[in-house]
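The structure appears below as structure tokens.
Atoms considered below: every heavy atom in the structure, side chains included; atoms not considered: hydrogens, waters and symmetry mates.
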Amino acid sequence: MERAEVTSHEDRRTPAGAPPARTRLTVPIWLGMVLAAILLVVTGIAVVGARLFSQTAAESDDLVDRIQPAQVDAYRLQKALLDQETGVRGFVLSRDARWLEPYTQGQREEESAERSLRQALAGDTALLAAVSRAAESAEAWRNGHAAPLLERARQGALPPSAETELQSSKAAFDRLRVRFDELNAELSDERAAAKAEMHRTRTGHNWALAGMLAAFVAFASALVIVLQRAVGRPLDRLRTAAQRVADGDFEHRIEPAGPAETRHLAAAVEGMRVRVLDALRASQQREELLAARTAVLDEQAVELRRSNAELEQFAYVASHDLQEPLRKVASFCQLLEKRYGGQLDERAEQYIGFAVDGAKRMQVLINDLLTYSRVGRLNDARDTVSLDTALDGALANLGSAVEEAGAVIERPGGPHTTTGDPMLLTMLWQNLIGNAVKFRAPDRPPVIRITADRESDGETSVWHYRVEDNGIGIPRSSRRRSS
């Protein structure tokens with residue numbers, strides 16, 4: 001049997017609802033644009049915040065590392081001068097040398113404080129000028145009042161007006177206090193200005209953080225809106241349309257909308273809908289065709305049953321009508337044998353025997369024909385049948401053909417039985433051997449070999465019967481075409 005192969009080619013037409021060829025913004029592009037805007041704004045705010053934070057840190061460092069230490073050093077400087085003034089006054093009034101210790105210690109502390117103060121205010125000319133004015137006033141007080149009073153006190157040459165000189169020294173020291181008050185005021189103003197600037201910078205930093213937070217909220221809202229409009233709504237429409245199709249409205253067309261991904265998804269679903277609709281229509285057509293063919297088959301079945309009934313009636317009538325002449329042939333042959341049994345030679349008696357046996361086998365065949373015509377309407381026989389008996393019957397029916405062809409029949413040894421219909425098994429052997437005799441090779445007598453092999457798979461055993469012959473066979477090409 002030749003096989004008809006049908007090659008299925010994919011339909012390369014653009015599915016219905018496919019998006020147009022022009023480029024459309026995809027969801028990643030939408031998200032990229034929003035994220036790029038967020039990144040740009042956040043970067044700008046971060047740069048401004050970083051600058052403000054750096055400025056705040058610098059101002060805080062200036063306040064902590066310069067102004068406050070300068071104020072501390074200024075207080076140290078004033079304390080050192082106060083110790084010197086106290087020491088001078090105490091030594092002049094008491095002549096006690098122990099009062100010189102605060103004076104000398106105050107000078108050393110003054111030098112250390114002034115050095116630290118100048119280092120802290122390095123680069124600030126205004127404050128350094130105030131420090132220089134205070135230092136010059138301190139040096140003028142020390143050279144003009146303190147040192148002369150101490151020298152005369154050591155020599156014991158203080159005039160009776162020493163109290164007046166001490167008052168003059170105190171007045172000069174008070175002028176020195178004015179210088180230090182100016183220095184302290186300038187340091188306080190510098191500190192207040194630094195704190196105010198730091199406060200303004202911190203306020204700006206807080207506004208920058210608030211702006212960053214507001215930008216995040218604004219862009220997050222924008223992102224939600226973009227996703228809702230670009231993705232949410234198209235997907236919702238696609239879901240509604242797909243659900244409508246799933247509910248049975250296969251004619252409803254799914255329109256692509258939204259970004260490129262959603263449009264491609266809608267186009268794919270639309271293409272699937274079209275293919276399902278085509279398959280459904282084809283299935284309906286096949287169902288209609290099948291219904292039509294079923295109706296035809298029903299009519300043919302009715303006609304076949306009628307024909308089989310007629311055939312059975314014909315077979316019954318034919319077998320009944322043929323049996324009577326056969327009985328007459330067999331009866332008269334037997335009468336000939338009985339009346340002329342002693343007068344006929346052996347060959348004549350053999351011929352009469354062949355005629356009687358042929359009539360009997362013809363009668364059996366007619367009965368088998370009647371039985372075979374009822375196959376499918378009566379219960380098949382299920383008897384234990386000797387295969388040797390069935391084979392003997394087939395060879396008896398084929399006796400003339402086997403003898404004319406000079407066929408050699410090789411039969412398997414041993415008894416073999418099976419369960420089945422004796423008539424059908426006899427017909428099976430008769431067909432197999434008859435075909436081997438019919439399709440023999442013209443240049444050699446047919447040799448028909450019947451073998452029986454027993455095979456077992458461990459649980460059950462079966463017999464395999466084979467019929468082989470040396471006839472013309474079937475060409476391989478014919479077997480391939482008929483397979």
Side-chain angles (χ1 to χ4, degrees), residues 46-91 98-147 149-150 169-210:
V47 170
V48 173
R51 292 185 61 183
L52 292 174
F53 183 79
S54 177
Q55 186 176 353
T56 302
E59 291 171 354
S60 177
D61 293 341
D62 181 69
L63 182 63
V64 173
D65 298 336
R66 188 176 71 88
I67 298 177
Q68 289 183 349
Q71 285 184 317
V72 173
D73 291 333
Y75 287 133
R76 286 176 55 206
L77 182 59
Q78 294 177 53
K79 182 178 181 299
L81 290 172
L82 285 173
D83 290 341
Q84 293 180 43
E85 196 272 338
T86 302
V88 170
R89 181 179 293 277
F91 183 72
R98 286 179 297 178
W99 286 100
L100 293 176
E101 180 63 26
Y103 179 78
T104 55
Q105 182 65 29
Q107 285 183 318
R108 290 193 296 269
E109 186 67 22
E110 177 188 358
E111 292 176 358
S112 175
E114 183 180 356
R115 185 169 53 254
S116 298
L117 183 59
R118 289 185 180 276
Q119 289 177 357
L121 299 177
D124 193 336
T125 56
L127 290 176
L128 287 176
V131 172
S132 298
R133 288 193 298 270
E136 289 173 358
S137 298
E139 188 66 24
W141 170 78
R142 202 168 23 252
N143 293 333
H145 296 278
L149 281 173
L150 290 175
S169 173
K170 184 177 181 302
F173 194 81
D174 290 339
R175 290 191 295 273
L176 176 60
R177 288 176 185 272
V178 173
R179 295 294 185 186
F180 275 104
D181 289 341
E182 294 175 355
L183 176 61
N184 290 332
E186 292 186 11
L187 288 174
S188 296
D189 293 342
E190 185 73 13
R191 184 173 181 273
K195 290 181 66 177
E197 185 65 26
M198 187 171 63
H199 179 71
R200 287 193 298 272
T201 306
R202 185 172 297 166
T203 302
H205 186 261
N206 292 336
W207 277 108
L209 291 179

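Here the CZ atom belonging to Arg133 is positioned 10.5 Å from the CG atom belonging to Leu128, to the nearest 0.5 angstrom. Summarising the geometry, atom OG1 belonging to Thr104 is positioned 12.0 Å from atom CD belonging to Glu109; distances are rounded to the nearest 0.5 Å. The NZ atom of Lys79 sits 8.5 Å away from the CG atom of Leu82 when rounded to the nearest 0.5 Å. In this structure, CD in Glu114 is found 9.0 Å from CD in Glu139, a value given to the nearest 0.5 Å.
Side-chain contact between Arg142 and Leu81: present, with at least one pair of heavy atoms (C-beta onward) separated by less than 4.5 Å. Put simply, the side chain of Gln119 does not reach to within 4.5 Å of the side chain of Pro69, judged on heavy atoms. Counting heavy atoms from C-beta on, the side chains of Thr86 and Pro102 never come closer than 4.5 Å.
Considering every non-hydrogen atom in both Ala80 and Glu110, the closest pair reads CB-N, 3.5 Å.
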Query raised in the report: Would Arg118 and Val131 count as a side-chain contact (heavy atoms from CB on, under 4.5 Å) if you check the C-alpha gap in whole Å, the side-chain angles of each, and the deciding distance to 0.1 Å?
Result: CA-CA 8 Å; Arg118 289 185 180 276; Val131 172; 4.2 Å; yes
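Checking Gln78 against Asn184 by side-chain atom types alone, a donor-acceptor pair falls below 3.5 Å.
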